[in-house]
**Q** 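Please read through the structure below; I'll follow up with questions.
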Amino acid sequence: MLRRVAVLAVSLPLLVGGGAAVAVEDAAAPAPGASGIGDPYWPLDGNGGIDVAAYRIKNAYDIRAQALRGTTRITLTATSDLSSFNLDFLLKASLAKVDGVAAKVAQSGHELTITPATALRAGTRHTVVVKYAGRPGTQRYAGEENWLADEHEAVAMNQPHMATWWFPANDHPIDKALFDISTTVPAGREVIANGKLVSKKQSRRGTTWRWRADEPMASYLAFFAAGDFSIKKGTSNGLPWVNAVSQQLSPAAQKSSHQLLGRTPGIVKALSADLGPYPFSVTGGLTTGLPVFFALENQTRPTYPSVGAHNVSLVVHEVAHQWFGDDVAIARWRDIWLNEGAATFMEWRYAEQHGGQPAADALLNRYASIGASDSFWRLSIADPGAAHIFDEPVYDRGGMTLQALRNRIGEEKFWLLLRTWLDTRSGGNATSEEFEALAAKVSGQDLTSFFTAWLRTGAKPAATADNGLA
């Protein structure tokens with residue numbers, strides 16, 4: 001995320017790899033699936049016993065009334081014998097079917113429990129259809145009121161939770177899936193979402209915009225925006241792009257926003273030179289006219305507030321997330337430094353390649369400017385706690401960790417590490433411990449004390465060569 005702007009020791013019951021989300025369960029008699037996937041930061045996120053392959057979302061959104069209704073078809077595999085299973089969802093579900101047969105539905109807060117007429121056997125594939133309606137802006141989960149809308153515009157952008165305000169989901173990054181998103185709005189209004197525009201159809205109900213993403217993604221990265229947008233599209237360096245800017249903004253702000261979003265293809269090209277091929281089939285961005293004070297790395301199309309034409313580092317940060325966070329997603333929310341630290345470091349790297357200070361100087365200047373007694377150093381960024389996953393140290397100390405590692409192991413091995421990390425885990429999930437193990441393997445060095453100092457010690461790292469600071 002969520003870069004705010006001014007104006008191999010896994011303790012969870014998870015299987016990491018390939019986007020499969022599995023809670024470890026007995027394969028005895030059919031039993032209810034767990035109500036959470038096993039992440040201690042948010043115990044009810046995700047669900048046990050299911051692995052979602054695809055979502056086909058068909059919603060209608062009344063922009064003026066800020067009301068949503070729709071149907072989502074979910075293709076999933078049972079990973080254990082299930083008498084019932086859960087999805088994460090906040091709106092009222094009126095009907096559910098499993099393989100075309102009516103199922104019982106019960107809801108309690110964030111949990112939607114579906115009991116099929118026949119138990120699901122482990123390894124079998126099923127189609128689940130849920131029908132629902134409600135006003136997303138009235139909903140709250142985990143202390144969050146994430147729906148962003150007014151009578152002119154809506155944009156589903158937030159982290160760590162957003163999906164459950166507008167479609168039923170297995171809502172944890174470890175269960176990636178394909179997304180096909182249709183949204184019907186009043187005639188004359190626009191809808192932007194992830195991926196490529198598949199169709200735009202007029203009917204008596206309004207205009208239905210259908211967007212489809214070609215690559216699996218985590219549920220919180222799926223988004224749609226509805227309202228009045230100025231849309232530009234094209235192809236640069238062989239990569240299609242679509243940019244959209246809210247027409248709620250002033251003409252001058254619309255122009256500057258398009259200028260900033262227009263930098264995206266060039267930034268993709270620059271980052272690809274370091275990180276390897278861009279992982280998705282389309283790029284772009286969206287600037288909302290709503291009062292939001294952060295940007296978010298929605299897969300293929302980050303969303304931004306209006307920040308003018310010159311805030312290039314913000315775009316670099318969100319584009320870097322397409323590799324770090326979107327393509328290679330975290331396995332646990334505690335691993336968030338892998339996303340935010342890498343995106344912050346790539347801001348520094350981009351600056352050093354485009355007339356700014358070297359990233360090594362950015363590290364040393366930041367290090368020198370923060371006293372040893374400052375609270376900045378007290379947070380363990382390898383396990384910051386749910387309330388602190390977007391605190392400043394996660395970003396800046398995370399970026400400092402990577403530049404210090406670059407100093408420690410050298411230029412050649414550092415970039416080999418990043419490219420190997422992204423290549424071998426593309427499309428999947430990973431942990432901090434896995435990154436640390438790969439760093440040790442690629443460098444041929446024992447980096448235990450280095451990562452302890454930077455990630456797990458509530459004190460300022462000593463200015464030593466071992467810590468990449470001398």
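Keep in mind that this is a model prediction, so the values were computed, not measured. Computed over heavy atoms, backbone and side chain alike; hydrogens, waters and symmetry mates excluded.
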**Q** Taking everything shown except His354 itself, do over 12 heavy atoms lie less than 6.0 Å from its NE2?
**A**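 More than 12 heavy atoms, drawn from other residues, nucleotides or ligands, come within 6.0 Å of this atom.
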**Q** Say you draw a straight line from OH of Tyr304 to OG1 of Thr288; how long is it, rounded to the nearest 0.5 Å?
**A** 13.5 Å
**Q** Passes side-chain contact (heavy atoms from CB on, under 4.5 Å), Val394 versus Ile389? Steps please.
**A** CA-CA 7 Å; Val394 174; Ile389 64 171; 5.6 Å; no
**Q** Going from CZ on Phe414 to CG on Asn407, what distance comes out if it is rounded to the nearest 0.5 angstrom?
**A**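 Rounded to the nearest 0.5 Å, the CZ-CG separation comes out at 9.0 Å.
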**Q** I'd like to check Ile381 versus Trp454 (side-chain heavy atoms, cut-off strictly below 4.5 Å). Are they in contact?
**A**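 No, every pair of side-chain atoms sits at 4.5 Å or beyond.
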**Q** Please find the pair of heavy atoms, one from Gly70 and one from Asn59, that lie closest to each other, and give the distance.
**A**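 Heavy atoms of Gly70 and Asn59 come nearest at CA-OD1, 3.4 Å.
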**Q** With no hydrogens and no angle check, just 3.5 Å: does a side-chain donor-acceptor pair link Asp51 and Thr77?
**A**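 The criterion, which ignores hydrogens and geometry beyond distance, is not satisfied for Thr77 and Asp51.
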**Q** Between CH2 of Trp165 and CG of Asp88, what distance do you get to the nearest 0.5 Å?
**A**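 Atom-to-atom, Trp165:CH2 and Asp88:CG are 11.0 Å apart.
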**Q** Assign the ring pair His317 / Tyr395 to parallel, tilted or perpendicular, where the plane angle (0 to 90°) is split at 30° and 60°.
**A**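 Parallel.
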**Q** Determine whether the side chains of Asn298 and Thr303 contain a donor N or O and an acceptor N or O closer than 3.5 Å.
**A**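 Side chains of Asn298 and Thr303: pair found under 3.5 Å.
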**Q** How about Phe167 and Phe179: are their ring centroids closer than 6.0 Å?
**A**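 Yes, they do, as the ring centres are separated by less than 6.0 Å.
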**Q** Compute whether any side-chain donor of one residue and acceptor of the other, for Tyr350 and Asp274, lie under 3.5 angstrom apart.
**A**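 Tyr350 vs Asp274: no donor-acceptor pair found between side chains.
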**Q** Please report the closest heavy-atom contact between Trp323 and Ser272, naming both atoms and the distance.
**A** CZ2-OG, 3.5 Å
**Q** Taking the six-membered ring for Trp, is the centroid-to-centroid distance between Phe324 and Phe345 below 6.0 Å?
**A** no
**Q** After noting the C-alpha distance and the side-chain angles of Gln159 and Trp333, does the key distance pass the side-chain contact (heavy atoms from CB on, under 4.5 Å) rule?
**A** CA-CA 11 Å; Gln159 186 184 9; Trp333 281 111; 3.6 Å; yes
**Q** Between Arg366 and Glu392, is there a side-chain N and carboxylate O pair less than 4.0 Å apart?
**A** yes
**Q** Apply the test side-chain contact (heavy atoms from CB on, under 4.5 Å) to residues Arg332 and Tyr41: give CA-CA distance (whole Å), side-chain angles for both, the deciding distance (0.1 Å), then the verdict.
**A** CA-CA 9 Å; Arg332 312 163 301 193; Tyr41 280 17; over 6 Å; no
**Q** I would like to know whether Asp39 and His172 meet side-chain contact (heavy atoms from CB on, under 4.5 Å); could you show each step before the answer?
**A** CA-CA 9 Å; Asp39 194 320; His172 190 278; 2.8 Å; yes
**Q** Assign the ring pair Trp211 / Trp209 to parallel, tilted or perpendicular, where the plane angle (0 to 90°) is split at 30° and 60°.
**A** parallel
**Q** Is the shortest side-chain heavy-atom distance between Val292 and Val155 below 4.5 Å?
**A** no
**Q** Please find the pair of heavy atoms, one from Thr287 and one from Ser257, that lie closest to each other, and give the distance.
**A** CG2-OG, 3.5 Å
**Q** Looking only at heavy atoms, which two atoms of Asn170 and Leu87 are closest? And how far apart?
**A** N-CD2, 4.4 Å
**Q** Are side-chain heavy atoms of Arg406 and Glu411 found at a separation under 4.5 Å?
**A** yes
**Q** Over all heavy atoms of both residues, which pair between Gly308 and Ser256 is shortest? Give the atoms and the distance, please.
**A**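 Distance-wise, the nearest heavy atoms are CA-OG, 3.8 Å.
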**Q** Around Arg263, counting heavy atoms of other residues, nucleotides and ligands shown, do more than 12 lie under 6.0 Å from its CZ?
**A** no
**Q** Should Phe390 and Pro384 count as side-chain neighbours, where that means a heavy-atom distance under 4.5 Å?
**A** no
**Q** For the residue pair Tyr141 and His110, categorise the inter-ring angle as parallel (less than 30°), tilted (30 to 60°) or perpendicular (more than 60°).
**A** parallel
**Q** Kindly check if the number of other-residue, nucleotide or ligand heavy atoms within 6.0 Å of CD (Glu412) is above 12?
**A**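 No.
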**Q** Can a side-chain donor-acceptor contact be found between Glu297 and Asn339 if the only test is distance below 3.5 angstrom?
**A** no
**Q** Roughly how far, to the nearest 0.5 Å, is CD of Gln403 from OG1 of Thr344?
**A**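 Spacing of OG1 (Thr344) from CD (Gln403) equals 12.5 Å.
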**Q** Under a 4.0 Å N-O cut-off, is there an ion pair linking Arg334 with Asp383?
**A** yes
**Q** Would you compute the distance between atom CD of Glu111 and atom CG of Asn47 and round it to the nearest 0.5 angstrom?
**A**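 One gets 5.5 Å once the value is rounded to the nearest 0.5 Å.
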**Q** Are Glu340 and His321 side-chain neighbours, meaning at least one heavy-atom pair lies under 4.5 Å?
**A** yes
**Q** To the nearest 0.5 Å, how far apart are NZ in Lys196 and CG in Asn194?
**A**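 Reported to 0.5 Å precision, the distance equals 13.5 Å.
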**Q** Using every non-hydrogen atom in the two residues, find where Trp337 and Ala382 come nearest and quote the distance to one decimal.
**A**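 Taking every non-hydrogen atom into account, CD1-CA, 4.2 Å.
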**Q** A quick test of your reading: do over 12 heavy atoms of other residues, nucleotides or ligands sit less than 6.0 Å from NZ of Lys460?
**A** yes
